[in-house]
Amino acid sequence: MSKKDAIIISKLPEHIAIIMDGNGRWAQEQGQDRLFGHLHGVESVRNIVEGAAELGIHYLTLYAFSTENWDRPQYEVIGLMELLVDTIKKEVPSLNKNNIRLHVIGATDMMPAHAQSELQIAIADTAQNTGLNLIMALSYSSRWEIVEAAKKIAADTLSGNIQLDQINQDLFSQYLSTAKFPDPELMIRTSGEHRISNFLLYQSAYTELYFTSTRWPDFRKENLYEAILDFQSRERRFGKTGAQIQENK
Ligand code: IPE
Ligand code: IPE
Ligand code: MG
């Protein structure tokens, strides 16, 4: 029996975020180059995007490249960029077939010009889709995003577009690159590391965290179902007591 059958569809998280980690070690453990791991990681992306769409998840954010990843050896950065652009380009027909809309968050102006234009084409070509929203975090870091939001709010305040007393948590969220998306209820990190690595820091204030030792190239739909089942077994209290949560059920 697939773990899928045990998932309560009415209690699905609306937004799942994944830190896809462990490609390099997965490859090195087999005596292969790190890029071999990234290549196999693409297969996991396909499988998980398909799995999330089949379940009816509305938002899936995948952390594919952090701002800090620019500091990796040049050959790995170049290889990863080529793979990312190539994959996104090739996947557009299947995104359209499955009604999946692509979004990108991050400092994409740091990416090579051809990569930026391929991304823009893929975003525009899938803009009419109404099913799963697939959000790729590319050249993304949360501190970068928060500082950018603060700068824009400061500029809008100085120019009189907004008043100081209008600045609250809702307005702040509207200045983040995730303004159009709800906060993730579930965040998964593969490969056995227990950290957030600068991902969605503001948005994950009350996100349930799920860590698995499975390396990203080995992560498949069944692993996703397992994470969702774990999520569904938890009590989300948002600062209240367990008794209060039970009363309001
Ligand atoms: C995740 O795998 C992919 C990226 C960060 C681009 P890693 O490349 O970080 O793999 P490990 O963590 O070194 O095994
Ligand atoms: C986080 O993985 C970034 C992505 C998965 C894209 P890293 O491998 O870069 O994170 P650290 O360096 O181990 O924290
Ligand atoms: Mg890593």
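Positions are given from 1 along the sequence.
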Could you walk me through whether Ile100 and Thr126 pass the side chain to side chain contact (heavy atoms under 4.5 Å, CB included) check? CA-CA 7 Å; Ile100 298 169; Thr126 62; over 6 Å; no
For Tyr210 and Ile188: C-alpha separation, side-chain torsions, deciding distance, then whether side chain to side chain contact (heavy atoms under 4.5 Å, CB included) applies. CA-CA 5 Å; Tyr210 178 86; Ile188 299 170; 4.0 Å; yes
Test log, rule side chain to side chain contact (heavy atoms under 4.5 Å, CB included), inputs Arg237 and Gln244: CA-CA 9 Å; Arg237 288 192 282 271; Gln244 283 177 299; over 6 Å; no
Kindly determine whether Arg143 and Leu201 satisfy side chain to side chain contact (heavy atoms under 4.5 Å, CB included), including the steps that lead there. CA-CA 8 Å; Arg143 286 188 173 177; Leu201 299 180; 4.2 Å; yes
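For the pair Ile57 and Pro13, the tightest heavy-atom approach, listed with the atom from each and the gap, is CD1-O, 3.5 Å. Residue Leu55 comes nearest to Leu12 through the heavy atom pair O-CD1, 3.3 Å, listed as atom of the first residue, atom of the second, then distance. Residues Gly24 and Arg34 share a closest heavy-atom pair of CA-NH1, 3.5 Å. Here the shortest heavy-atom pairing between Thr108 and Leu138 reads CG2-O, 4.2 Å. Of all heavy-atom pairs between Met111 and Gln116, the closest is O-NE2, 2.8 Å. Scanning both residues, Ala17 and Pro184, for their nearest heavy atoms gives CB-CB, 4.0 Å.
The existence of a salt bridge linking Glu29 and Arg215 is confirmed by a sub-4.0 Å separation between a basic side-chain nitrogen and an acidic carboxylate oxygen. Checked for salt-bridge contact, Arg25 and Glu193 meet the test: a charged N lies under 4.0 Å from a carboxylate O. Salt-bridge annotation for Lys152 and Asp156: absent, with no side-chain N of the basic residue lying under 4.0 Å from a carboxylate O of the acidic one.
The side chain to side chain contact (heavy atoms under 4.5 Å, CB included) test with Leu186 is passed by exactly one of Ile228, Leu224, Asp230: Ile228.
Remark: the Ser139 side chain and the Trp70 side chain contain an N/O donor-acceptor pair separated by less than 3.5 Å. For the residue pair Ser94/Arg46, the side-chain donor-acceptor check at 3.5 Å is not satisfied. With hydrogens and angles left out, the side-chain atoms of Ser66 and Asn69 include a donor and acceptor closer than 3.5 Å. For the residue pair Glu14/Tyr59, the side-chain donor-acceptor check at 3.5 Å is not satisfied.
Using cut-offs of 30° and 60° for the angle between ring planes, the Phe199 and Tyr63 rings count as parallel. The aromatic rings of His103 and Phe181 sit perpendicular, their planes meeting at an angle over 60°, well past the 30° parallel limit. Ring geometry, Tyr140 versus Trp144: the interplanar angle exceeds 60°, so the pair is classed perpendicular (tilted spans 30 to 60°).
More than 12 heavy-atom neighbours from other residues, nucleotides or ligands sit within 6.0 angstrom of CD1 on Ile9. Counting heavy-atom neighbours within 6.0 Å of Arg234 CZ, excluding the residue itself, gives a total above 12. For CD of Glu235, the number of neighbouring non-hydrogen atoms (other residues, nucleotides, ligands) closer than 6.0 Å is greater than 12. Counting heavy atoms of neighbouring residues, nucleotides and ligands inside a 6.0 Å radius, atom CD of Gln74 does not exceed 12 of them.
We find the OG1-CD distance between Thr61 and Gln203 to be 9.0 Å, quoted to the nearest 0.5 Å. With rounding to the nearest 0.5 Å, the separation of CD in Gln174 from CG in Asn168 is 10.0 Å. For the atom pair CH2 of Trp26 and CD of Gln32, the computed distance is 8.0 Å after rounding to the nearest 0.5 Å. The OH atom of Tyr202 lies 11.0 Å from the OG atom of Ser142; values are rounded to the nearest 0.5 Å. Distance check: His58 NE2 to Ile16 CD1 gives 11.5 Å after rounding to the nearest 0.5 Å. With rounding to the nearest 0.5 angstrom, the CD atom of Gln166 is 7.0 Å from the CG atom of Leu171.
Checking side-chain atoms of Glu222 against main-chain N and O of Lys3 turns up a donor-acceptor pair under 3.5 Å. Here the side chain of Gln232 pairs a donor or acceptor atom with the backbone of Lys11 at under 3.5 angstrom. Proximity of a side-chain donor or acceptor of Asn96 to a complementary backbone N or O of Pro93 within less than 3.5 Å is not detected. Although no hydrogens or angles enter the test, the distance criterion places no donor-acceptor pair under 3.5 Å between the side chain of Ser141 and the main chain of Asn198. In this structure, the side chain of Arg236 engages the main chain of Tyr206 through a donor-acceptor pair within 3.5 Å. Between the side chain of Trp216 and the backbone N or O of Thr190, no donor-acceptor pair lies under 3.5 Å.
In terms of hydrophobic clustering, with Ile, Leu, Val, Met, Phe, Trp and Tyr side chains grouped at heavy-atom distances under 4.5 Å, Ile78 and Tyr75 are assigned to different clusters. Under the 4.5 Å side-chain heavy-atom criterion for Ile, Leu, Val, Met, Phe, Trp and Tyr, Ile88 and Leu95 are members of the same hydrophobic cluster. Residues Phe36 and Met81 do not share a hydrophobic cluster, clusters being chains of Ile/Leu/Val/Met/Phe/Trp/Tyr side chains in contact below 4.5 Å. Clustering ILVMFWY residues whenever any of their side-chain heavy atoms sit less than 4.5 angstrom apart, transitively, puts Ile18 in the very cluster that holds Ile7. Under the 4.5 Å side-chain contact rule for hydrophobic residues, Ile19 and Phe231 do not share a cluster.
Side-chain contact check for Val45 versus Thr87: every heavy-atom pair is 4.5 Å or farther apart. Considering only heavy atoms from C-beta on, Asn98 stays 4.5 Å or farther from Leu132 through its side chain. Side-chain contact check for Leu209 versus Ile196: some heavy-atom pair is nearer than 4.5 Å. Here the side chains of Met136 and Leu102 are in contact, with some heavy-atom distance below 4.5 Å. Side chains of Arg189 and Arg195 form a contact here, defined as non-hydrogen atoms less than 4.5 Å apart. Side-chain contact between Val49 and Leu62 is present, with heavy atoms from C-beta onward closer than 4.5 Å.
A search for side chain to side chain contact (heavy atoms under 4.5 Å, CB included) contacts involving Thr130 returns Asn99, not counting sequence neighbours.
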